[in-house]
Protein chains: 2
Amino acid sequence: MVTKQFTGLPEDSDLRRADSLAREIFSDVANKWALLIIETVADRTLRFSELRDEIDGISHKMLTQNLRMLERNGLVERRVYPVVPPKVEYTLSESGRALRATVDAMCEWTHLYIRHIDDARRRFDE
Amino acid sequence: MVTKQFTGLPEDSDLRRADSLAREIFSDVANKWALLIIETVADRTLRFSELRDEIDGISHKMLTQNLRMLERNGLVERRVYPVVPPKVEYTLSESGRALRATVDAMCEWTHLYIRHIDDARRRFDE
DNA sequence: CTGAATCCTCCGCGATACTG
DNA sequence: CAGTATCGCGGAGGATTCAG
C-alpha cells in the first residue's frame, strides 16, 4: 500500500499508475461514512430512507454522496424500481461483501480494545 | 458497530455510553491518514521526519495531529530522547499492531479488486 | 528535529428548496 | 421517496513562524 518512489523511468509508469489508483481507492474507502454504510447494509437490501434512519447522524447529502461513490467503485449495487413514489434499493456487490469482511474485523477490534483504549485516553488526558 | 436505538431508559445509559465510545473510536480510526500512518509504521520504529517522508502527501500538521490522536488512544508509543536536536521515535503498541492486521486486510482487498474497481469506474463514468 | 501556535483560505457538509 | 442544486458557514487543514 505504501507508495513507491517516483523514479522518473518510463517503464515504471504503469506501476505508478496502479499505485496512485490504489491510493485513490484507499482514500475513497478509508472514511467513516463509507465504512459505516457498508457495515450497515451488510447482507441486507435496504432503501435509501432505511439507510438514513439506521446510520445515526448521517445527513441526506453525505448519504447520497457516499452511495454514489460506492456505486461508482462497484461496491454497492443500486436497483431502481420505476414506480411512484420512487423506490431504490441498495445491496453489497461481491467486492463490497469482501470489503465488509475487513470492516467487520475492524469493528471486532474496536470491541476487543475499547476498554484498553478508554484507559489509554484517560491516562493521556491526565 | 451499529448504534443501538435510544430508548430513554436509565438502565441503558452505560450501554449507550459504550456505544458512543465505540463510534468515537471508529471515527478516530476510520480515516485515511490514521490508517496510512499505522500501515507505514508497521513493525518498525520510525522518527517523525521519516514518517513524513514515507507518507506521500501528508502535511506536517496532519502528521502531528494524527500521531497525537493515535498516541492518545494508545495505538502508537512515543519515545522521546532528551538530546539536541530532539529525537522522537514512534512504534505501534499491541492494540496498534492488532489494528494493523485489519488494515493489512483492507490493503490486500484493494490489490485483489483494483482491476475490478477500475472497470466499474470506467463503466460508471461512461 | 519535533512540535505548538497563528493565520488564512477553501471546501466539506448541513440546511433548504425544487424536480420527477 | 429519491435525488440534484444552491447557498452559506464553520472548521479542516496548509503555510508559516516560533520555541526548545
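Letters A, B, ... mirror the listed sequences (proteins, then strands); counts begin at 1.
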Between [atom2] of [N] and [atom1] of [X], the distance in whole Å:
X: B:Tyr81; N: C:dT2; atom1: OH; atom2: P; result: 12 Å
X: A:Leu63; N: C:dG12; atom1: CG; atom2: P; result: 18 Å
X: A:Asn66; N: D:dT4; atom1: CG; atom2: P; result: 13 Å
X: A:Asn31; N: C:dC13; atom1: CG; atom2: C1'; result: 13 Å

Problem set entry | Presence of A:Arg47 side-chain N/O under 4.0 Å of D:dC1 phosphate oxygens OP1/OP2 |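 A:Arg47 to D:dC1 OP1/OP2: no side-chain N or O under 4.0 Å.
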For this session: Output yes when at least one side-chain N/O atom of A:Tyr90 is less than 4.0 Å from OP1 or OP2 of D:dC1, else no.
Result: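 Negative; the distance criterion is not met.
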Problem set entry | salt bridge (charged side-chain N to carboxylate O under 4.0 Å, His left out), paired with A:Arg44, selected from A:Glu50, A:Glu89, A:Glu54 | A:Glu54
Problem set entry | Greater than 12 external heavy atoms within 6.0 Å of A:Arg115's CZ | no
For this session: Check the angle between the aromatic planes of B:Tyr113 and B:His116 and answer parallel, tilted or perpendicular using the 30° and 60° thresholds.
Result: perpendicular
Could you measure the distance from the [atom1] atom of [X] to the [atom2] atom of [Y]? Nearest 0.5 Å is fine.
X: B:Arg97; Y: B:Leu92; atom1: CZ; atom2: CG; value: 7.0 Å
X: B:Leu46; Y: B:Leu51; atom1: CG; atom2: CG; value: 5.0 Å
X: B:Asp28; Y: B:Asn73; atom1: CG; atom2: CG; value: 5.0 Å

For this session: Look at B:Asp118 together with B:Arg122 and state whether they make a salt bridge at an N to O cut-off of under 4.0 Å.
Result: yes
Exercise. Would you call A:Arg100-A:Asp104 a salt bridge at under 4.0 Å N-O?
Worked result: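 Looking at A:Arg100 and A:Asp104, the cut-off is met.
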Exercise. When you check every protein heavy atom under 4.0 Å of nucleotides 9-20 of chain D, what one-letter string (B, S, -) results, 5' to 3'?
Worked result: ----BB-----B
Exercise. Near DNA chain D, under 4.0 Å by heavy atom, which residues of residues 67-79 of chain A?
Worked result: A:Arg68, A:Arg78
